[in-house]
Student: 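Structure incoming, see below.
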Amino acid sequence: AKREGRGRVRCFESEMDQELRDRRLLQHDLRQALEQNQLLVYFQPQARVDGEVIGFEALLRWNHPVRGFVPPDQFIPLAEENGLIVQIGEWILREACREAASWPRPLQVAVNLSPVQFQAGDLERSIHQILLETGLAPTRLEVEITEGVLIGDFTRALNLLRRLKALGIRIAMDDFGTGYSSLSYLQSFPFDKIKIDHSFISNLEATPQSAEIVRAVLGLAHALNIPVIAEGVETEAQRTFLAREACEEMQGYLVGRPDLIERYLDLVGVTVER
Ligand code: C2E
Ligand code: CA
Ligand code: CA
Ligand code: CA
């Protein structure tokens with residue numbers, strides 16, 4: 001029995017080794033991904049609840065030469081761990097701003113910022129630089145942050161947010177309702193938008209509690225004069241509910257999936273030759 005136990009331990013250990021090796025491998029590959037153009041920006045439309053598209057969220061994609069598409073939920077934590085997210089974050093910001101600056105219609109573009117970008121590097125300087133370089137009006141840029149940004153060095157993050165806002169950039173609170181202290185953060189910073197997490201939207205029909213939570217978030221946000229965008233809107237029934245509850249905006253497969261901007265050229269005002 002003792003021997004069997006030891007064998008199991010060894011087997012468990014080697015599984016952990018395997019996982020660790022795999023993470024290291026992916027991290028190694030990620031360093032090359034930037035230089036070798038394996039990273040892509042997908043764009044997902046954001047619309048008013050009446051369907052009028054008002055902008056796009058930029059979402060990272062990694063097309064790994066062997067593994068194919070690796071989901072961002074898998075590689076972003078790795079990039080945060082080794083700090084590579086600072087470079088990658090700058091890259092997607094530049095790509096998204098450059099792309100948006102080329103659109104005939106002055107739609108907004110939303111970019112996600114990692115907490116690591118707030119703690120390392122000079123985020124304000126690089127955003128300022130990218131805006132100058134691409135010529136995008138700061139008022140067309142929205143940055144999406146999660147409460148993770150405010151968990152580390154709170155004062156530093158808060159000061160940075162204030163300076164970004166002073167540049168004219170809008171700040172959206174992402175994944176609202178999923179963290180531990182979303183409410184207290186509303187108290188500490190004047191967010192320009194709240195994104196209700198998709199988990200509440202996807203449970204709208206099935207769970208009566210979700211509908212009440214969405215109503216409560218909308219009531220709270222509106223009392224504070226903050227517009228709300230609902231994430232993960234997939235059905236017309238969800239859209240109808242949100243419209244009835246005076247939610248301003250929506251994002252999700254109902255409006256459009258994340259894709260290369262080529263798919264959305266008509267929406268950004270580029271007339272496509274056919
Ligand atoms: P997120 O910022 O909450 O992005 C929304 C996620 O919901 C995206 O997943 C999007 O594809 C997905 N989604 C959109 N509409 C629907 C829908 O109707 N139904 C369902 N089921 N899902 C929908 P994605 O692209 O896999 O990104 C996952 C997460 O990775 C993002 O969550 C964000 O936290 C992170 N991420 C993506 N791009 C970046 C980036 O450039 N920088 C940073 N720091 N994080 C990023
Ligand atoms: Ca987001
Ligand atoms: Ca989100
Ligand atoms: Ca999320």
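Just so you know, ligand 1 is whichever comes first in the structure, and atom 1 is the first atom listed for that ligand. As the structure is a prediction and not an experimental result, all values here were calculated from the model. Counting begins at 1 with the first residue of the sequence.
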Student: Quick check: of its N, O or S atoms, which one does Glu231 have closest to the Ca ion (ligand 3)?
Tutor: OE2
Student: Quick one: do the Arg21 and Gln18 side chains pair a donor with an acceptor below 3.5 Å?
Tutor: yes
Student: At under 4.0 Å between heavy atoms, is it the side chain or the backbone of Ile92 that contacts ligand 1, or both, or neither?
Tutor: side chain
Student: Please test Glu245 against Arg215 for salt bridge (charged side-chain N to carboxylate O under 4.0 Å, His left out), starting from the C-alpha separation and ending with a verdict.
Tutor: CA-CA 7 Å; Glu245 299 298 330; Arg215 273 196 196 99; 3.0 Å; yes
Student: Should Glu144 and Lys193 be marked as a salt bridge (charged side-chain N to carboxylate O under 4.0 Å, His left out) after you check the CA-CA gap, both sets of side-chain angles, and the distance that decides it?
Tutor: CA-CA 9 Å; Glu144 300 190 357; Lys193 196 175 288 182; over 6 Å; no
Student: Can an N or O of Leu60 be found at a distance shorter than 3.5 Å from an N or O of ligand 1?
Tutor: yes
Student: Enumerate the atoms of ligand 1 whose separation from the nearest heavy atom of Gly232 is less than 4.0 angstrom.
Tutor: 16 (C), 17 (C), 18 (O)
Student: Heavy-atom distances under 4.0 Å are what count here, so tell me which part of Pro258 touches ligand 1: side chain, backbone, both or neither.
Tutor: side chain
Student: Relative to ligand 1, is Arg257 under 4.0 angstrom through side chain, backbone, both or neither, heavy atoms considered?
Tutor: neither
Student: Return the option from Trp91, Phe69, Tyr253 holding the heavy atom at the smallest distance from atom 18 (O) of ligand 1.
Tutor: Tyr253
Student: For the Ca ion (ligand 2), what is the closest N, O or S atom on Glu57?
Tutor: OE2
Student: List ligand 1 atoms under 4.0 Å from Gly252, heavy atoms only on the residue side.
Tutor: 15 (N), 18 (O)
Student: Does the shortest distance from the Ca ion (ligand 2) to an N/O/S atom of Asp175 fall below 3.0 Å?
Tutor: no
Student: Using atom types as modelled and distance alone, determine if a side-chain donor or acceptor of Arg170 lies under 3.5 Å from a backbone N or O of Thr139.
Tutor: yes
Student: Whether the side chain of Arg156 engages the backbone of Gln119 through a donor-acceptor N/O pair (distance < 3.5 Å, no angle test) should be reported.
Tutor: yes
Student: Between Asp174 and ligand 1, find which residue part has any heavy-atom pair under 4.0 Å and reply side chain, backbone, both or neither.
Tutor: side chain
Student: Under 4.0 Å from any heavy atom of Glu234, which atoms of ligand 1 are there?
Tutor: 17 (C), 18 (O), 19 (N), 20 (C), 21 (N)
Student: Run the numbers for me: atoms of ligand 1, each under 4.0 Å from some heavy atom of Asp175, listed by number.
Tutor: 3 (O)
Student: Taking heavy atoms and a distance under 4.0 Å, where does Gln251 meet ligand 1: side chain, backbone, both or neither?
Tutor: neither
Student: Closer than 3.5 angstrom, by distance alone: can the side chain of Glu248 be matched with the main-chain N or O of Val228 as a donor-acceptor pair?
Tutor: yes
Student: Decide whether an N or O pair under 3.5 Å exists between His198 and ligand 1.
Tutor: no
Student: Asp174: which N/O/S atom is nearest the Ca ion (ligand 3)?
Tutor: OD1
Student: Considering just N/O/S atoms, say which atom of Glu144 is closest to the Ca ion (ligand 2).
Tutor: OE1
Student: Between Phe56 and Tyr264, does the ring centre distance come in under 6.0 Å?
Tutor: yes
Student: Any cation-pi pair here, Arg244 with Phe241, using under 6.0 Å and within 45°?
Tutor: no
Student: Ignoring angles and geometry beyond distance, decide whether Gln44 reaches within less than 3.5 Å of ligand 1 through its nitrogen or oxygen atoms.
Tutor: yes
Student: Report the relative orientation of the aromatic rings in Phe69 and Tyr42; use parallel for angles under 30°, tilted for 30 to 60°, perpendicular for over 60°.
Tutor: tilted
Student: If the contact criterion is a heavy-atom separation under 4.0 Å, does Arg61 count as touching ligand 1?
Tutor: yes
Student: One thing to verify: whether Lys195 and Glu57 come together as a salt bridge, which I'm taking to mean a side-chain N less than 4.0 angstrom from a carboxylate O.
Tutor: yes
Student: Can you name the atoms of ligand 1, numbered from 1 with element, that are less than 4.0 Å from a heavy atom of Glu231?
Tutor: 3 (O)
Student: Atoms of ligand 1 less than 4.0 Å from Ser114 heavy atoms?
Tutor: 44 (N)
Student: At under 4.0 Å between heavy atoms, is it the side chain or the backbone of Ile76 that contacts ligand 1, or both, or neither?
Tutor: side chain
Student: Do Gln117 and ligand 1 have an N or O pair less than 3.5 Å apart?
Tutor: no
Student: Quick one, Phe176 with Ile194, criterion side chain to side chain contact (heavy atoms under 4.5 Å, CB included). Give me CA distance, side-chain angles, the key distance, then yes/no.
Tutor: CA-CA 7 Å; Phe176 189 83; Ile194 286 173; 3.6 Å; yes
Student: Do any N or O atoms from the side chain of Asp122 and from the backbone of Arg125 form a donor-acceptor pair under 3.5 angstrom?
Tutor: yes
Student: For the side chain of Gln251 and the backbone of Gly232, is there at least one donor-acceptor N/O pair under 3.5 Å apart?
Tutor: no
Student: Between Arg67 and Asp22, is the closest basic N to carboxylate O distance under 4.0 Å?
Tutor: yes
